[in-house]
There are 2 protein chains.
Amino acid sequence: MRTFKNQSVKILSRGEVAKLTGVGIETVRFYEQKGLIEEPERSSSGYREYSQDFVKRIRFIQQAKKLGFSLKEISSLLSLRVDPQKTCKDVKRLTQTKISDVDKKIVQLKKIKRALGKLAAACRGKGPTSECPILEALDLEKPQ
Amino acid sequence: MRTFKNQSVKILSRGEVAKLTGVGIETVRFYEQKGLIEEPERSSSGYREYSQDFVKRIRFIQQAKKLGFSLKEISSLLSLRVDPQKTCKDVKRLTQTKISDVDKKIVQLKKIKRALGKLAAACRGKGPTSECPILEALDLEKPQ
DNA sequence: CTACACTCTGTATCATACTACAGGGTCAAC
DNA sequence: GTTGACCCTGTAGTATGATACAGAGTGTAG
């Protein structure tokens, strides 16, 4: 344990971070190279020393990836903040755009969910005979 | 126009399908090679002849990709149907799994959306000073 | 009847996001 | 003090999802 800003901080090795986040050990270095996580402190022998914050960040990256965000987009999500280069207004505008992107994804997922629900329900009766029931179910959701 | 099952069907060329769906012309062939769309009919000279169904299917593929589904997963979504190889029960189970996957995505997106909302709201006051406000906002949503 | 846009096949190349070495150093246990 | 599990760097290779190109045929407008 080491202290930082009056809080005790457990130092993690790269292997430990990999294990805690479920990514490969090389992926941690890869994300560092790509600027998705900052360069961690180093021990006297050159070993990387990670805090728990790195774990949070990598978990977020993994989650966002599953939601269809590219590493580039994730990077821009993670760097959303008020800094001297940007006014508060800029940040709000940027954030609003991200919220709208996220909303669009939610809407599409809900459509797919409803289509899947219809597909499951269709099993009860004579069953779907269509070539591609999920597309048909989606079409009913959004005619034309 | 040509008729098929008593319905008039506009035949589309590969280029037209590409234009209508917004994908590259080579991508249409790529999806055919990968089995994501079936092999279309051919004209006497060997030209592919697509129906509007192909357009729907490719639009679905594009949408699902934006939601973080791989082509393999999309393929399995598109092939969800009652066929002689599977019982109705099997289809229901498969579909239920997909619905639960979709639900998880929706939940995660909503968390990110709320975090983004907090970030935008934080601008009003003294503004966020954190290294990574979005992660902090997410943490408040789901402590630990 | 030819110019030009389009299609065909096969294959090669590309971007993204990892994943796997090779060749070396570190460190704790025995 | 050496064994084994870890870490370091640099670089090469892989999987996925396209995207480009070469060399050929097609189709139609003028």
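So that the names make sense, note that chain A is the first sequence line, chain B the second, and so on, each numbered from 1. Basis for what follows: all heavy atoms, side chains included, without hydrogens, waters or symmetry-related copies. Since this is a predicted model, take the numbers as computed values, not measurements.
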Next on the checklist: In whole Å, I'd like the distance from the NZ atom of B/Lys72 to the P atom of D/dT16.
Outcome noted: 7 Å
Please list, for nucleotides 26-29 of chain D, all pairs of protein and nucleotide N/O atoms separated by less than 3.5 Å.
{"from": "D/dT26", "atom 1": "O4'", "to": "B/Tyr47", "atom 2": "OH", "distance (Å)": "3.1"}
{"from": "D/dT26", "atom 1": "O3'", "to": "B/Ser45", "atom 2": "OG", "distance (Å)": "3.4"}
{"from": "D/dG27", "atom 1": "OP1", "to": "B/Ser45", "atom 2": "OG", "distance (Å)": "2.8"}

Checklist entry - Are the side chain of A/Ser70 and the backbone of A/Glu73 linked by a donor-acceptor contact shorter than 3.5 Å? => result yes
Checklist entry - Rounded to the Å, how far apart are B/Glu26 CD and D/dC21 P? => result 10 Å
Checklist entry - OG of A/Ser51 to CG of A/Leu12: how many Å apart, nearest 0.5 Å? => result 7.5 Å
Checklist entry - B/Glu32 has an atom CD; how far is it from atom P of D/dA18, in whole Å? => result 15 Å
Item to check | Pair A/Arg29-A/Glu32, salt bridge (Lys or Arg N to Asp or Glu O under 4.0 Å): steps then yes or no | outcome: CA-CA 5 Å; A/Arg29 189 163 60 117; A/Glu32 183 183 324; over 6 Å; no
Item to check | Length of the CZ-C1' vector between B/Phe30 and D/dA18, whole Å | outcome: 6 Å
Next on the checklist: So, does B/Tyr31 get its side chain near the phosphate of D/dA18, meaning an N or O under 4.0 Å from OP1 or OP2?
Outcome noted: yes
Item to check | Whole-Å gap separating P (D/dC21) and CD1 (B/Ile25) | outcome: 14 Å
Checklist entry - Does the cation-pi check pass for B/Lys66 over A/Phe69, that is, NZ or CZ under 6.0 Å from the six-membered ring centre and within 45° of its axis? => result no
Checklist entry - Is it true that atom CD of B/Gln33 has more than 12 heavy atoms of other residues, nucleotides or ligands lying nearer than 6.0 Å? => result yes
Checklist entry - Does B/Ser70 place a side-chain N or O at less than 4.0 Å from the phosphate oxygens OP1/OP2 of D/dT16? => result no
Checklist entry - So do B/Leu71 and B/Phe30 actually touch side chain to side chain, heavy atoms under 4.5 Å? => result yes
Checklist entry - So B/Arg93 and B/Asp90, salt bridge (Lys or Arg N to Asp or Glu O under 4.0 Å) or not? Walk me through it. => result CA-CA 5 Å; B/Arg93 193 178 32 72; B/Asp90 289 337; 3.4 Å; yes
Next on the checklist: Distance under 4.0 Å to a non-hydrogen atom of chain B counts as contact; along DNA chain C, which nucleotides mark the start and end?
Outcome noted: C/dC6 to C/dT11
Item to check | Residue mapping more 5' on DNA chain D - nearest nucleotide basis, B/Gln33 or A/Glu16 | outcome: A/Glu16
Next on the checklist: On DNA chain C, compare the nucleotides closest to A/Lys65 and B/Gly46; which residue's is nearer the 5' end?
Outcome noted: B/Gly46
Checklist entry - Which heavy atom of A/Phe54 sits nearest a heavy atom of A/Glu38, and at what distance? => result CE2-O, 3.2 Å
Checklist entry - Roughly how many Å is it from CD in B/Gln62 to C1' in D/dG17, rounded to a whole number? => result 10 Å
Next on the checklist: What is the distance, to the nearest angstrom, from the CD atom on A/Glu49 to the C1' atom on D/dC6?
Outcome noted: 15 Å
Item to check | Distance in angstrom units between A/Arg29 CZ and D/dC7 C1', rounded | outcome: 10 Å
Item to check | Residues forming a salt bridge (Lys or Arg N to Asp or Glu O under 4.0 Å) with B/Lys113, sequence neighbours excluded | outcome: A/Asp103
